[in-house]
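A short write-up of the structure that comes next.
Values reported hereafter were calculated over all heavy atoms of this structure, with side chains retained and with hydrogens, waters and symmetry mates removed.
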Amino acid sequence: MSRARTRTAVTSAGLALVAALTGCTGDPPAPTNHLAANPDPRPAADALLSQVITKIGERGSTRSEVRGSIGVVGELTADGVVRYRGAQTDLALDGQTRPAGGKPPQRLRLSIVDGTGYLQTPLARPAPDKPWLRITPGAGDFGSKLLTPALDQVQEAVDPRATFSGVERATRIHSSAPDQVDGKPTTRYQLRIITAQAADTATDPQQRTRYRKAADAGEPEVEYQLWLDEAGLPARFAASGQVAQAGQVSLTSTYRDWGTPVEVQAPPADEVGVFEEGPAQAQPPR
């Protein structure tokens, strides 16, 4: 495959991934007017989420299974591990996507170590001898500019701490009910992040920008489902929604073995490359 065709392929795959994964949100409810005159009756989730985030940090690691659909990209099946080191979170996914139309599945591996992403897929091979694509937030290369937003959303889709840290006070408990995960008793919470409030209270600048854009675009809330076990730890985490560019998106992570040590490592440096430039007709998101 020529270098131009390779770059076109990674652009198409990257844009689909961005469209799919940045759309892992529920269908937003109708905008609420006159908030001051009609205070939100739903209980705040800050106390609940603060306890969950603390417990996640204390356990330090978990294993997970990630399943679901990312629209036109296909069905995703992956096993993962997550490691927490203070405020830092490292993760690794190893699985495959199965496109629609009977096409063969594609291997997908993703690691995030010290904030840098490493992606391995046949659609994004930087060079014949470099199977891993490096995605560095803030870097100037084309691949990083294109895929950094999707990288952030992948992390939030599989890691409740990354999703809710900094926006606990902007989250409401929409409903809760007893449930089971893998035969074990849990409580299922439907949570809603209020985008305008999150834009004002988020501690991370990228979070503030993302929620401000969502609020300005008429998306008042972002929906998640979180199942907590009897110890108050996540047993399952889910996000879903309809995305115009990608179709129906639905991702669910199921957790096990909280506290069991896991290894997350960056791939060997000599196997990692970048895409410095993309096709002239493709532009990274701004």
Q | Validation row: Asp79, Asp94 side chains within 4.5 angstrom (heavy atoms) | A | no
Q: Starting from the C-alpha separation in whole Å, work towards a yes-or-no answer on side chain to side chain contact (heavy atoms under 4.5 Å, CB included) for Leu108 and Gln96.
A: CA-CA 5 Å; Leu108 182 145; Gln96 65 181 20; 5.9 Å; no
Q | Distance, nearest 0.5 Å, that separates CD of Gln225 from CG of Asp179 | A | 9.0 Å
Q) Can you name the closest pair of heavy atoms from Ala44 and Ile173 and give their distance? A) O-CD1, 4.0 Å
**Q.** Gap between atom OH of Tyr211 and atom CD of Gln206 - 0.5 Å precision
**A.** 12.0 Å
Q) Any idea which heavy atoms bring Pro160 and Val158 closest together, and the distance? A) CD-O, 3.9 Å
Q.
Determine whether a donor-acceptor pair (N or O, by modelled atom type, separation under 3.5 Å) exists between the side chain of Glu65 and the backbone of Arg256.
A. no
Q | Euclidean distance, Gln190 CD relative to Arg172 CZ, rounded to 0.5 Å | A | 16.0 Å
Q) According to a 4.5 Å side-chain heavy-atom criterion applied to Ile, Leu, Val, Met, Phe, Trp and Tyr, with indirect links allowed, do Val181 and Tyr189 form part of one hydrophobic cluster? A) no
Q) Minimum heavy-atom separation for Gln106 to Pro122, with atom names? A) OE1-CG, 3.2 Å
Q. Rounded to the nearest 0.5 Å, how far does NZ of Lys103 lie from OG1 of Thr97?
A. 11.0 Å
Q) So, are Arg85 and Asp114 salt-bridged, with charged N and O less than 4.0 Å apart? A) yes
Q) With a 4.5 Å limit on heavy-atom distance, are the side chains of Val262 and Val82 in contact? A) no
**Q.** Whether Ser64 side chain and Ser253 backbone form a donor-acceptor pair below 3.5 Å
**A.** no
Q. So do Arg67 and Thr77 actually touch side chain to side chain, heavy atoms under 4.5 Å?
A. yes
(Q) Evaluate Trp227 against Thr254 for side chain to side chain contact (heavy atoms under 4.5 Å, CB included), listing each step before the verdict. (A) CA-CA 9 Å; Trp227 287 255; Thr254 302; over 6 Å; no
(Q) In terms of relative ring orientation, are Phe237 and Tyr224 parallel, tilted or perpendicular, with 30° and 60° separating the classes? (A) parallel
Q. With a 4.5 Å limit on heavy-atom distance, are the side chains of Ser144 and Val274 in contact?
A. no
Q: Could you please spell out the steps behind the side chain to side chain contact (heavy atoms under 4.5 Å, CB included) verdict for Lys184 and Glu230?
A: CA-CA 9 Å; Lys184 299 179 181 179; Glu230 292 181 308; over 6 Å; no
Q.
Any heavy-atom pair between the side chains of Leu48 and Leu226 that's under 4.5 Å?
A. no
Q | Separation between CG of Leu191 and CD of Glu223, rounded to the nearest 0.5 Å | A | 9.5 Å
Q) Taking atom CZ of Arg169 as the centre, does the number of heavy atoms from other residues, nucleotides or ligands within less than 6.0 Å exceed 12? A) no
Q: Is it possible for you to say whether Leu147 and Phe142 belong to one hydrophobic cluster, with membership spreading through side-chain heavy-atom contacts below 4.5 Å?
A: yes
Q. What's the shortest heavy-atom distance between Pro137 and Thr148, and which atoms?
A. CA-OG1, 3.7 Å
Q) Taking C-beta and beyond as the side chain, do Glu168 and Ile53 meet within less than 4.5 Å on heavy atoms? A) yes
Q. Any idea which heavy atoms bring Val272 and Pro267 closest together, and the distance?
A. CG2-CG, 3.7 Å
Q. Between atom CH2 of Trp132 and atom CD of Gln120, what is the distance when rounded to the nearest 0.5 Å?
A. 5.0 Å
Q | Shared hydrophobic cluster for Val52 and Val222 (ILVMFWY, side-chain gaps under 4.5 Å) | A | yes
Q.
Membership question, hydrophobic clusters at under 4.5 Å side-chain separation (ILVMFWY): are Leu251 and Val81 in the same one?
A. no
Q) Are Tyr255 and Asp229 close enough that a side-chain donor and a side-chain acceptor fall under 3.5 Å? A) no
Q: State, yes or no, whether a side-chain contact exists between Leu76 and Leu93 at a heavy-atom distance under 4.5 Å.
A: no
(Q) Donor-acceptor pair, distance only, cut-off 3.5 Å: does the side chain of Arg212 make one with the backbone of Ala215? (A) no
**Q.** Among Thr171, Asp200, Asp40, side chain to side chain contact (heavy atoms under 4.5 Å, CB included) partner for Ile194
**A.** Asp40
Q | Side-chain heavy-atom pair Ile56, Trp258 within 4.5 angstrom cut-off | A | yes
Q | Thr252 and Arg236: CA distance, side-chain angles, deciding distance, side chain to side chain contact (heavy atoms under 4.5 Å, CB included) verdict | A | CA-CA 7 Å; Thr252 299; Arg236 182 169 288 167; 3.5 Å; yes
(Q) How close do Gly115 and Gln88 get, counting heavy atoms only, and between which atoms? (A) N-NE2, 3.3 Å
Q: Check the hydrophobic clustering (I, L, V, M, F, W, Y; side-chain heavy atoms under 4.5 Å; chains of links allowed) and say if Val66 and Val264 are grouped together.
A: no
